[in-house]
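The chains referred to below are lettered A, B, ... by the order of the sequence lines, with proteins before strands, and numbering in each begins at 1.
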There are 2 protein chains.
Amino acid sequence: MVEDEPAIADLVRLYLTRDGFGVHLERDGAAGLAAARRLRPVACVLDIALPGLAGTEVCRRLREAGDWTPVIFLTARDDEVDRVVGLELGADDYVTKPFSPRELVARVRAVLRRTAGAPATTERPRVVGPVTLDPARRTVTAAGAPVQLTSTEFDLLAHLMARPGRVFTREELLAGVWGYAAHAGTRTVDVHVAQVRAKLGPASVIRTHRGVGYAADA
Amino acid sequence: MVEDEPAIADLVRLYLTRDGFGVHLERDGAAGLAAARRLRPVACVLDIALPGLAGTEVCRRLREAGDWTPVIFLTARDDEVDRVVGLELGADDYVTKPFSPRELVARVRAVLRRTAGAPATTERPRVVGPVTLDPARRTVTAAGAPVQLTSTEFDLLAHLMARPGRVFTREELLAGVWGYAAHAGTRTVDVHVAQVRAKLGPASVIRTHRGVGYAADA
DNA sequence: AGGGGAATGTTCGGATTCGGTAAAGAGCCG
DNA sequence: CGGCTCTTTACCGAATCCGAACATTCCCCT
């Protein structure tokens, strides 16, 4: 959350925390942008009016960098222009001040449910370290450079990056990527992992868990 | 849209139509539910207070049937309970009366942008590289020269260009272009893609994603 | 610390699948 | 009937997948 008024910040933090969310607070736009990139939160709550970088600008820069973390705006100005601009920017929702904390929590949950829901997550670009993966466009970039992956390679990487840190066994990957009717041997997974690693270069996001399987970095 | 007050219904229909949306109106919940299932609209605007079946109930039944068509609620009661219930139900957004028609349109557009795989929604001409496509006039030009496409060919290109970069599987294209009851084989898509490419000439905007489907250049 | 064994990385060519293309049949409408 | 479009099919070249064999790394046991 990025909010410069302590009273509001405390209130929101209280309610979000009570609802089970971990909350990180920054007080100006630049710090918020840096924190969002560093901490990779599940969602951002941004005040539009912020000292320095405006909330809309923070959102725009995140989106430009391929970061589609859900963003919810707080705004005091209840006029349409802000609403339209906010949503057209790629934000996911907004709440106008004065707002009830309970409503904000409900909206955060609603946004998370939307983005965690089956098709939404698979359609949303994922970022792990220097690697970004866009399921809709089926494109991958490593350290900013586009990477050309074959269909199987892409699906494999997408599967791993869907849950960063989670370790998948070769059998799970065969079932999830190749499909249940797959007749390929488990060593085939190794070969494709190697191929993806080679194409990603030094930004190899895939970690081997000896005796278990593979995982994308968290 | 399902709305029982004619004044509001007319207003909303006017603004949505002016923005390029086709609008179908029903006046009670049961009819709305049936229409949604029959017409498969890109989005539903539902009043919460409806004679017979309430809007929330319509939404719930749609969701239970696995229908995740975007739903936007209209509600007169601006209290939290409705908000929470509405969003937790699986709705995508809501607007409280009195609302401005422009805000409603903006929210509809925002919701459609969020939902993946949404078919063509904007009536404005689309430009991708040297190719321009005008949905209203159903005309296409490549490098300035007009191109004569058949109906199916146009719909196919329009569907791809509606979301440049987004990769569509052959099944998605069959569903979106040919219709939900299409019985054509997937290779039919290939043939039409080839036709469009031939007519567009060297400005072939359609890219093949081997093992997956097709996409328009971003 | 060293050796054995297992798991993983790497390489490479045949086999398979996939998509482009052409052509022909089917349906539609004037 | 004649032209147009859509659909299906067959064939071919090319991308890519699979698996085996070999090389390497890591773990565990003595």
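Rounded to whole Å, atom P of dA7(C) lies 12 Å from atom CD of E171(A). In this entry the distance linking CZ of R207(A) with P of dA7(C) reads 22 Å, nearest Å. With rounding to whole Å, F154(A) atom CZ is found 14 Å from dT16(D) atom P. Counting to the nearest Å, the P atom of dA14(D) and the CG atom of D190(B) are 18 Å from each other. In this structure, the CZ atom of R197(A) is 12 Å from the C1' atom of dT25(D), given to the nearest Å. What separates NE2 of H209(A) from P of dC26(D) is a distance of 15 Å, to the nearest Å. Straight-line distance from the CZ atom of R210(A) to the P atom of dA6(C): 12 Å, rounded to whole Å. To the nearest angstrom, P of dT7(D) lies 9 Å from CG of L174(B).
One finds a side-chain N or O of Y214(A) lying less than 4.0 angstrom from the OP1 or OP2 phosphate oxygen of dG9(C).
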Please list, pair by pair, any protein nitrogen or oxygen found under 3.5 Å from a nitrogen or oxygen in nucleotides 17-23 of chain D.
from    : atom 1 : to      : atom 2 : distance (Å)
dC17(D) : OP1    : T150(A) : OG1    : 3.3
dC17(D) : OP1    : T152(A) : OG1    : 3.3
dC17(D) : OP2    : T150(A) : OG1    : 2.9
dC17(D) : O5'    : T152(A) : OG1    : 3.2
dC18(D) : OP1    : W178(A) : NE1    : 3.2
dC18(D) : OP2    : W178(A) : NE1    : 3.0
dG19(D) : OP1    : H183(A) : O      : 3.3
dG19(D) : OP2    : G185(A) : N      : 2.7
dG19(D) : OP2    : T188(A) : OG1    : 3.0

Scan the side chains in residues 139-151 of chain A for donor-acceptor partners under 3.5 Å anywhere in the protein, sequence neighbours excluded, and list what turns up.
from    : atom 1 : to      : atom 2 : distance (Å)
T141(A) : OG1    : T132(A) : OG1    : 2.4
T150(A) : OG1    : E153(A) : N      : 3.4
T150(A) : OG1    : E153(A) : OE1    : 3.4
T150(A) : OG1    : E153(A) : OE2    : 3.4

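Note: H159(A) NE2 to E172(A) CD = 7.0 Å, rounded to the nearest 0.5 Å.
Between Y15(B) and L104(B), every side-chain heavy-atom pair lies at or beyond the 4.5 Å cut-off. At a threshold of 4.5 Å between non-hydrogen side-chain atoms, the residues V189(A) and Y214(A) count as touching.
For the pair G211(A) and Q195(A), both in contact range of DNA chain C, the more 5′-proximal nearest nucleotide belongs to G211(A).
Residues D47(B) and E5(B) share a closest heavy-atom pair of OD2-OE2, 4.5 Å.
Between R166(B) and D134(A) no salt bridge is recorded (no basic side-chain N to carboxylate O distance below 4.0 Å).
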